[in-house]
Visitor: 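Sharing a structure with you now.
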Amino acid sequence: MRTVQPAIMIGSYGWDEDRLPRDEFQLRTAELHRLMDANGWQAMLIHGDAREHRALAYYTNFVPRLRWAMALVPRTGEPRLLVSMSARDVPWMKLMTFIADVRTGWDWAGGFESWLATLPPDGPARIGTLGFDEIAATLHGAVERSLGNRFTLHDAQKLLPTERPLRPREISLMSDAAAMVQEAAGAMAAAWRGGAGAEAASLAGERAARAMAAQDVRTLVSLDGGRSLVPFQANFSARPDPFVGYLAVKQAGFWAELFVTAATRPGALHERALAGLAAAHAAFAPGVEGGAVFAASCAALGTTALHPVLGQSVGRRVGLSLDEGGALTRDSRHKIALGSVYALHVGAVEAGGGALASAMVAVGPRGVRVLCRSDDV
Amino acid sequence: MNEATRLTQTAAYLEAHGLDGLVAFNDGQNSFLASNAVFVLAGVRALGESAVVIDRAGGATMIVTPAWDRERAAATARTERTVGTDDLAAALAADLAARGLTGRRLATVSLGTLGLALARRLGAVLGAAEPHDNFTRDLARVRTPAELAAARKAAWIAERGYERMLGLARPGMREFELAAELYCHMKELGAEDNFLLVSASQHNLAVRAAGRRVLDDGDIILSEITPCYRGQYAQICRTTVIGVPAPALADKYPLLQQAMRHGQAAAVPGATIGDVARAIDGCLAAAGYGAFCKPPFMRVRGHGLGITSDRPGDVTTDSDVRLEAGMVFVMHPNQYLPETGYLMCGEPVVITPAGAEALTEHMATLDAVGG
């Protein structure tokens, strides 16, 4: 879900080496080396910014709290990480990554160009890139100016599998994130049931997640009984019934999210949303196409429209990004893949209001496991 | 002057420069240090990438992503038309065509901040448009009365946040717990965003975002509290000791307060930002710390505040930006001193004929909380 990007992510960031040990990053770096060898690249540049950093986080564990960062990974030798922070911030940036050579990105000559000069002049003149779709055009211009005519850039994203299976330890971390979002969503619903207005309830959920050391927390809330969702407005007087809110948390780099609907008495729209979610869940199995899951959900909704906030989708893969692709849309040919975690969400809307229900599920060799769901909140 | 006049001012700018239209972009990221061109012109902080199109007659369209956010945006947008889309480039092409601006002479603002793939698609739509990247930050360099009132409210929220910290901080608490509570408390008071740094050590080298460190007796907590209210960030910088401040700390902190007063006095309309930085540095140099008035012992003596305009920019000795009445920025003589470590002292200020007026009720003092 798209939410307002904060000026800085204030949560607790670090590298938990117990859960993501160095050997995990050796495996990931080896993937890059294979890619470089297969394509004749002498190095790779991996960019991420505060908003979208899945490739950077995957290969370095580093998440930019603000601005951007770029990993410079040669085929031979040690990687370097440039961070768009001042030099005095570098010691703290080092706590988030296994990369030892972390430098400020504000000193382009000392950071990027000095690294470029270490590449053997007789090596291949090709460099692969990841995350460059999102790189700011101005920063990309600086990279190209430094490369000059000596090197050419090549997009590596299209050469990687679109659906990388998560390793068990990654799914374990996502389970933790799902447990956190479940508990925080519970606090949100409990606050509303206790008499809080919609925004106060949403804030109660955020507070609960932050107190559990969430790295990031995002919320949306409805002020009109579920018909539309909005970011924080500081409108604490509104207490619509039903309450509809959205909460996403990030833990150890992984996202988890839930839509929550709560009401003083059962409502037809909420029932339909729950039925749509149950239908999505029932249809959900490895190898099933996304379009089939979408069709099952919509059939359960009957003539009620799918909630517009979902963007004509009833789910997608979630991981280091809230959108890892695989959107479950009407025409989706995406096949549910083993080793993936999906967010499922179904919402119904009418002129007078709306309701949303959601769950997160992990697809493993022993079946589809529910990590969290809004009807448990 | 008010925010709505910015559209007509933009039309006049286009006329003066022989341009047919202007397209301003925002990348959906919210920097407390940068001007959000879309917010300046349309008054809306979009969730995703967004644009505002203005033609020479003053007609304007706001285009927001994602499509489902249109209703919220339209409710507050100052533009005559609001479009919600999941394809910014296609929506822009359609609006330019509807306004007869396809292939005409266009100016852009902040196109280069967008992601490369999108920027290239937009570039294809815009043709040979000319970047006028400083236009909106210059246009909004002086706060309107409503913006100044919002900045004052943001400063008020920051002070309440700090008061909360004084009541909460205690040994055994983790930094992230303290930051979480401050963040949520200020949100309760209306802060829609917050650039919040809170960290502590016994001899700090700089301030940073909160981590898992456990607060201890004798810690010096540094806080840079920067809530945003209705698009106006206001920043306060504070230093707080857990327990009784060491004599060196009590002795040295007034130096920063004095430097702040020198900076405020120097910051009159017509003075340069460099004059202000030199006034602050001069105060520290007179006390024998001239060698520390450079990185890594400090970074800048203040800076502009988004998201309308980051003017007057960083407060550094080499800046020749001239101050104007109504400019708002944060002035902070934050400084590492060998006897104490890094200390923080700073206020959001507005430029007046008498100097820089703090937007806060209480200037920074060295505070202590129970150990």
Side-chain angles (χ1 to χ4, degrees), chain A residues 1-14 47 49-52 65-67 85-89 91-93 95 132-141 199-200 203-204 206-207 209-214 217 220 227-234 236 307-312, chain B residues 27-33 45-48 65-69 71-72 86 111-120 123 174-177 179-184 187-199 205-206 208-212 226 228-229 233 295-297 299 306-307:
Chain A
M1 289 301 301
R2 221 52 202 268
T3 56
V4 171
Q5 177 70 29
I8 185 172
M9 274 90 87
I10 67 157
S12 178
Y13 281 83
H47 167 268
D49 61 26
R51 195 176 63 187
E52 188 52 75
R65 288 175 184 256
L66 67 160
R67 306 191 193 96
M85 299 286 283
S86 72
R88 67 178 185 172
D89 295 313
W92 295 290
M93 301 299 109
L95 301 177
F132 268 41
D133 271 0
E134 286 101 10
I135 192 173
T138 46
L139 178 59
H140 184 258
E199 292 221 291
L203 191 51
E206 177 170 358
R207 181 178 255 125
R210 292 197 181 283
M212 289 185 278
V217 184
L220 294 168
R227 193 181 62 80
S228 64
L229 273 79
V230 294
F232 179 73
Q233 316 265 300
F236 291 105
H307 203 293
V309 78
L310 301 178
Q312 292 302 309
Chain B
D27 61 1
Q29 304 208 44
N30 289 291
S31 170
F32 80 112
L33 293 170
R45 181 189 268 211
L47 297 181
T65 62
W68 59 262
D69 196 36
E71 184 177 328
R72 178 189 72 95
D86 294 320
L111 177 62
T113 64
L114 298 177
L116 185 63
L118 177 60
R120 282 177 170 164
R174 290 186 186 270
E175 287 175 1
F176 79 81
E177 294 174 310
E181 183 51 38
L182 298 190
Y183 187 89
C184 292
K187 208 165 173 179
E188 282 171 336
L189 299 174
E192 66 230 16
D193 196 3
N194 206 322
F195 186 87
L196 179 61
L197 304 181
V198 181
S199 60
L205 301 178
R208 58 187 167 76
R212 288 180 175 269
T226 320
C228 183
Y229 182 78
Y233 284 94
F297 308 111
R299 195 178 73 80
I307 59 174

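Everything numeric in this text was worked out from a predicted model, so none of it was measured.
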Visitor: Please flag which part of B/A119 lies under 4.5 Å from any non-hydrogen atom of chain A: side chain, backbone, both or neither.
Guide: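 The answer is the side chain of B/A119.
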Visitor: As an exercise: rank B/P295, B/S199, B/A191 by heavy-atom pairs under 4.5 Å with chain A and give me the winner.
Guide: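 Of the candidates given, the most pairs with chain A belong to B/A191.
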Visitor: Using non-hydrogen atoms only, which part of B/L196 is less than 4.5 Å away from chain A: side chain, backbone, both, or neither?
Guide: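 The answer is both parts of B/L196.
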Visitor: Does A/R67 form a side-chain contact (heavy atoms from CB on, under 4.5 Å) with B/L33? I'd like the steps, not just the answer.
Guide: CA-CA 11 Å; A/R67 306 191 193 96; B/L33 293 170; 3.5 Å; yes
Visitor: Can you tell me how far apart CG (A/D89) and CG (B/L197) are? Round to the nearest 0.5 Å.
Guide: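 Result: 8.5 Å between the selected atoms.
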Visitor: Step by step, would you call A/R2 with B/D69 a side-chain contact (heavy atoms from CB on, under 4.5 Å)?
Guide: CA-CA 9 Å; A/R2 221 52 202 268; B/D69 196 36; over 6 Å; no
Visitor: With a 4.5 angstrom heavy-atom cut-off, is it the side chain or the backbone of B/E71 that approaches chain A, or both, or neither?
Guide: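 Side chain only.
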Visitor: Is it the backbone or the side chain of A/Q233 that comes under 4.5 Å from a heavy atom of chain B, or both, or neither?
Guide: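 Side chain of A/Q233 only, per the 4.5 Å heavy-atom cut-off to chain B.
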Visitor: Please state whether the side chain, the backbone, both or neither of B/R208 comes within less than 4.5 Å of a heavy atom of chain A.
Guide: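 Just the side chain, heavy atoms under 4.5 Å.
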Visitor: Using non-hydrogen atoms and a 4.5 Å limit, figure out which bit of B/Y229 sits close to chain A: side chain, backbone, both or neither.
Guide: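 For B/Y229, there is no contact with chain A at all, as no heavy atom is under 4.5 Å.
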Visitor: Tell me, side chain or backbone of B/I307 under 4.5 Å from chain A's heavy atoms, or both, or neither?
Guide: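 Interface part for B/I307: neither.
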Visitor: How many angstroms lie between atom CD1 of A/I8 and atom OG1 of B/T226, to the nearest 0.5 angstrom?
Guide: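 Between atom CD1 of A/I8 and atom OG1 of B/T226 there are 9.0 Å.
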Visitor: Identify which part of A/M93 has an atom lying under 4.5 Å from any heavy atom of chain B, answering side chain, backbone, both or neither.
Guide: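 No part of it gets close to chain B.
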Visitor: Short question: side chain of A/D133, backbone of B/A117 - any donor-acceptor pair under 3.5 Å?
Guide: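 No, the answer is negative, given that no donor and acceptor are paired below the 3.5 Å cut-off.
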Visitor: Picking from A/G311, A/S228, A/A234, A/A136, which has the most non-hydrogen pairs under 4.5 angstrom with chain B?
Guide: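 Among the listed options, the one with the most contacts to chain B is A/A136.
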Visitor: For a quick test of reading the model, state the closest non-hydrogen atom pair linking B/C184 to A/E206 and the distance between them.
Guide: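 Minimum heavy-atom contact is SG-CG, 4.3 Å.
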Visitor: Heavy-atom pairs under 4.5 Å with chain B are the metric here; pick the option from A/L310, A/V230, A/V309 that has the most.
Guide: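 With the most close heavy-atom pairs to chain B, the winner is A/V309.
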Visitor: Run the side-chain contact (heavy atoms from CB on, under 4.5 Å) test on B/E188 and A/L203 for me, step by step, so that the C-alpha distance in whole Å, both residues' side-chain angles and the decisive distance to 0.1 Å come before the verdict.
Guide: CA-CA 8 Å; B/E188 282 171 336; A/L203 191 51; 3.2 Å; yes
Visitor: Does any heavy atom of chain A fall under 4.5 Å from the side chain of B/R72, the backbone, both, or neither of them?
Guide: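 Contact with chain A is through the side chain of B/R72 alone.
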Visitor: Roughly how far apart are B/L116 CG and A/T138 OG1, rounded to 0.5 Å?
Guide: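 One gets 10.0 Å once the value is rounded to the nearest 0.5 Å.
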Visitor: So what's closer than 4.5 Å to chain A heavy atoms on B/R174: side chain, backbone, both or neither?
Guide: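 It is neither, since no heavy atom gets under 4.5 Å.
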Visitor: If you count heavy-atom pairs under 4.5 Å with chain B, which of A/M9, A/R51, A/E134, A/M85 comes out on top?
Guide: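 Result: the option with the highest number of such pairs is A/R51.
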Visitor: Any idea which of B/K187, B/R45, B/R299, B/R212 has the most non-hydrogen atom pairs under 4.5 angstrom with chain A?
Guide: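 Most heavy-atom pairs within the cutoff with chain A belong to B/K187.
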Visitor: Which region of A/R207, side chain (C-beta onward) or backbone (N, CA, C, O), has a non-hydrogen atom less than 4.5 Å from a non-hydrogen atom of chain B, or is it both or neither?
Guide: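 A/R207 touches chain B through backbone and side-chain heavy atoms alike.
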Visitor: Say you draw a straight line from CG of B/D193 to CD of A/Q5; how long is it, rounded to the nearest 0.5 Å?
Guide: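 The CD atom of A/Q5 is 9.0 Å from CG of B/D193, to the nearest 0.5 Å.
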Visitor: Side-chain contact, heavy-atom cut-off 4.5 Å: B/W68 with A/H307?
Guide: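 No, too far: nothing below the 4.5 Å cut-off.
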Visitor: Please look at A/A211 and chain B and tell me whether the side chain, the backbone, both or neither of the residue comes under 4.5 angstrom of a heavy atom of that chain.
Guide: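 Only the backbone of A/A211 comes within 4.5 Å of chain B.
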Visitor: What residue, out of B/G48, B/A67, B/A179, B/G211, has the most heavy-atom pairs lying under 4.5 Å from chain A?
Guide: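 Looking at each of B/G48, B/A67, B/A179, B/G211 in turn, B/G48 comes out on top.
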Visitor: Compare every heavy atom of A/A7 with every heavy atom of B/F195, then report the nearest pair and how far apart it is.
Guide: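 Nearest pair, atom of B/F195 first, then A/A7: CD1-O, 4.1 Å.
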Visitor: Between B/N194 and chain A, with a heavy-atom cut-off of 4.5 Å, which part of the residue counts as in contact: side chain, backbone, both or neither?
Guide: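 B/N194 touches chain A through backbone heavy atoms alone.
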Visitor: Against chain B, label A/S86 side chain, backbone, both or neither, depending on which of its atoms sit under 4.5 Å from a heavy atom there.
Guide: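 Contact with chain B involves the side chain of A/S86 alone.
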Visitor: Please identify, among A/A87, A/G141, A/A209, A/A213, the residue contributing the most non-hydrogen atom pairs under 4.5 Å to chain B.
Guide: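 Top option by heavy-atom pairs under 4.5 Å: A/A213.
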Visitor: Salt bridge (Lys or Arg N to Asp or Glu O under 4.0 Å) between A/R210 and B/E181: does it pass, once the steps are laid out?
Guide: CA-CA 8 Å; A/R210 292 197 181 283; B/E181 183 51 38; over 6 Å; no
Visitor: Which atoms of A/L66 come close to chain B, meaning under 4.5 Å heavy atom to heavy atom: side chain ones, backbone ones, both, or neither?
Guide: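 Answer is side chain: those atoms of A/L66 sit under 4.5 Å from chain B.
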Visitor: Using every non-hydrogen atom in the two residues, find where B/A210 and A/R65 come nearest and quote the distance to one decimal.
Guide: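 Where B/A210 meets A/R65 most closely, the heavy atoms are O-NH2, 3.5 Å.
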